[in-house]
Amino acid sequence: MSFIPGQPVTAVVQRIEIRKLRQGEHLILGFSIGGGIDQDPGQNPFSEDKSDKGIYVTRVTPGGPAEVAGLMMGDKVMQVNGWDMTMVTHDQARKRLTKKNEDVVRLLVTRKSLEQAVRHSMM
Amino acid sequence: MDNESQYSGYSYKSSHSRSSRKHRERRDRHRSKSRDSSSRGDKSVTIQAPGEPLLDTESTRGDDRDDNWGETTTVVTGTSEHSVSNEDLTRVSKELEESFPLDCRRFLGPALGAVLGLFALVTPLAFLALPQLLWRDSLEPCGTPCEGLYVSLAFKLLVLLISTWALFLRPPRATLPRFYVFRCLLLALVFLFVASYWLFYGVRVLEPRERDYRGIVGYAASLVDALLFIQYLALVLLEVRHLQPAFCLKVVRTTDGASRFYNTGHLSIQRAAVWVLDQYYSDFPVYNPALLNLPKSILSKKVSGFKVYTLGEENNTNNSTGQSRAMIAAAARRRDNSHNEYYYEEAEMDRRVRKRKARLVVAVEEAFTHIKRLQDDEPAASSPKHPREVMDPREAAQAIFAPMARAMQKYLRTTRQQPYHSMESILTHLQFCITHNMTPKAFLERYLSPGPTLQYQRENSRGRQWTLVSEEPVTSALRQGLVFSLRRLDFSLVVTVTPLPFLHLGEEFIDPKSHKFVMRLQSETSV
């Protein structure tokens with residue numbers, strides 16, 4: 001998941017579709033995010049490369065829509081509904097995920113185990 | 001509407017076209033310039049005899065007021081420690097009013113105080129000397145203790161003498177309307193002390209011809225101690241008590257609004273007035289009556305131009321009131337453009353002043369390049385073909401004054417400062433600057449900004465008369481909300497007293513090791 005500046009990022013991603021749950025007047029997804037280009041990347045416990053400023057999933061509420069959809073803690077979110085998440089601020093990421101007029105968010109997430117799985121399957 | 005008025009070109013809201021407006025402006029400016037040149041007397045500068053004012057009779061309006069300043073009289077009270085009481089004073093001043101010349105009255109108080117002080121200082125010596133003179137034979141001899149007392153007496157008297165000279169024997173700088181309470185108190189105290197000591201001395205020592213000389217010496221020493229303590233009291237009351245600031249005085253000059261804030265301590269109103277006047281002479285810019293009001297031409301355009309015709313009415317009384325009311329209403333409704341005119345007049349004035357100032361600065365700079373100081377080791381005559389004439393400062397000043405005189409004259413007239421600077425004073429100042437190696441800018445600082453009033457005082461020992469106007473008795477102490485004013489002939493200073501706020505000062509200790517910084521934490525948002 002490290003990137004070379006100037007080169008396009010390649011990663012093995014999994015497509016996850018989360019249906020938002022209505023709770024009172026809020027639509028919740030059931031997970032927490034951390035990271036962003038305005039945050040300190042050295043404190044990210046999930047990233048391999050400590051200069052990676054992407055958006056990571058830090059917590060998944062048990063039984064929530066995200067867990068049901070297959071999101072796991074430590075996933076790096078690459079895209080949300082087609083919008084890029086690798087170079088956004090924390091607040092922009094939050095806004096993209098919590099749009100009120102969208103019921104469904106389609107994420108592209110990547111994790112270390114995915115790459116290992118692909119490598120294993122190729123060998 | 002009056003199309004030919006000089007300010008009509010300034011009202012941009014008129015419906016005339018821009019080009020005609022420009023023409024009108026140019027014509028007005030030209031007209032105002034020609035007005036200026038017609039009021040100027042001569043076109044060339046001639047060096048007049050010293051003592052005559054530089055400018056023509058246009059400026060005498062300010063001169064009259066100026067001359068009055070130095071000639072008024074002052075009332076006599078002293079400012080030394082020993083001053084006389086009010087009743088004595090009025091009696092004395094009535095006696096002296098006709099006979100003495102004015103200057104002597106100012107020093108009458110200190111003279112009386114000096115006499116009393118001298119009397120008080122001589123008393124211990126008299127106490128010691130009288131027994132020796134009168135009944136020397138029957139006195140008991142007194143050995144070492146007396147000598148110790150003699151020495152201490154001598155030194156205490158010396159200290160008293162020196163400190164009295166240092167603190168109280170100063171020429172008075174102001175005369176107050178009512179007697180100075182503390183000074184009178186101290187005077188009374190001194191007099192009481194000395195009188196009671198003499199009384200006891202006369203009864204107990206002179207009458208029975210007391211033989212115990214050591215006791216007499218001790219008595220004299222106690223008098224000197226008491227005098228020292230009275231002097232300490234005088235020091236505290238007169239000099240020290242008012243040093244700690246307690247009030248803030250706002251001083252506003254009524255004519256042009258120049259104001260300052262000062263911090264003072266606990267004083268009576270009259271003492272505070274003297275203190276404020278001290279500061280006034282060195283802080284406030286000089287009062288220039290020529291710079292005061294809006295030109296009449298702007299203000300007087302308000303109620304004009306409305307002629308009311310009555311058409312076929314018979315009863316006149318109704319008409320007159322109705323007429324005036326109609327005129328006032330119409331005048332109020334009419335759009336008042338005097339602020340516009342004021343604005344443009346100000347801008348024009350600014351421009352003119354700046355232009356004259358630029359010319360003055362250039363002229364002075366150029367004039368200063370014509371001379372240079374002759375160094376000691378340079379030969380006076382560099383070559384036989386160009387002998388350099390060696391001049392003293394006065395001649396050098398006169399030599400370079402000519403090229404800058406005209407620019408200086410025009411600048412002073414534009415800034416209405418011409419009553420304050422005669423040609424003689426400018427020459428003297430120029431000579432002063434040349435002597436002290438000042439640059440042209442240093443020479444000009446005196447003319448470019450109005451200086452404090454003290455700068456323009458003529459050397460005059462008569463003093464300035466001010467009247468203290470107050471609703472409270474002037475010996476009462478300052479307190480919050482007090483207002484008094486100091487009046488002179490043509491303006492006055494209004495002083496308002498506010499107490500300084502009480503300060504609650506708290507403490508916060510910061511450990512120097514507590515200055516630590518981290519990068520911003522990862523924030524986690526749940527979605």
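Per chain, numbering begins at 1; letters A, B, ... match sequence-line order.
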Verify the neighbour count for atom CE of Met73(A): are there more than 12 heavy atoms of other residues, nucleotides or ligands below 6.0 Å?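 Not more than 12 within 6.0 Å, no.
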
Within a reach of under 6.0 Å around NZ of Lys50(A), are more than 12 heavy atoms found that belong to other residues, nucleotides or ligands?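 Yes, NZ of Lys50(A) has more than 12 neighbouring heavy atoms, counting only those of other groups under 6.0 Å.
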
Part of Leu97(A) lying under 4.5 Å from any heavy atom of chain B: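 Just the side chain, heavy atoms under 4.5 Å.
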
Non-hydrogen contacts under 4.5 angstrom with chain B: give the residues of residues 17-24 of chain A involved, or none if there are none.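 Not one residue of residues 17-24 of chain A has a heavy atom under 4.5 Å from chain B.
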
Set of side-chain hydrogen bond (donor to acceptor under 3.5 Å, both in side chains) partners for Thr525(B), sequence neighbours left out: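 Only His90(A) meet the side-chain hydrogen bond (donor to acceptor under 3.5 Å, both in side chains) criterion with Thr525(B).
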
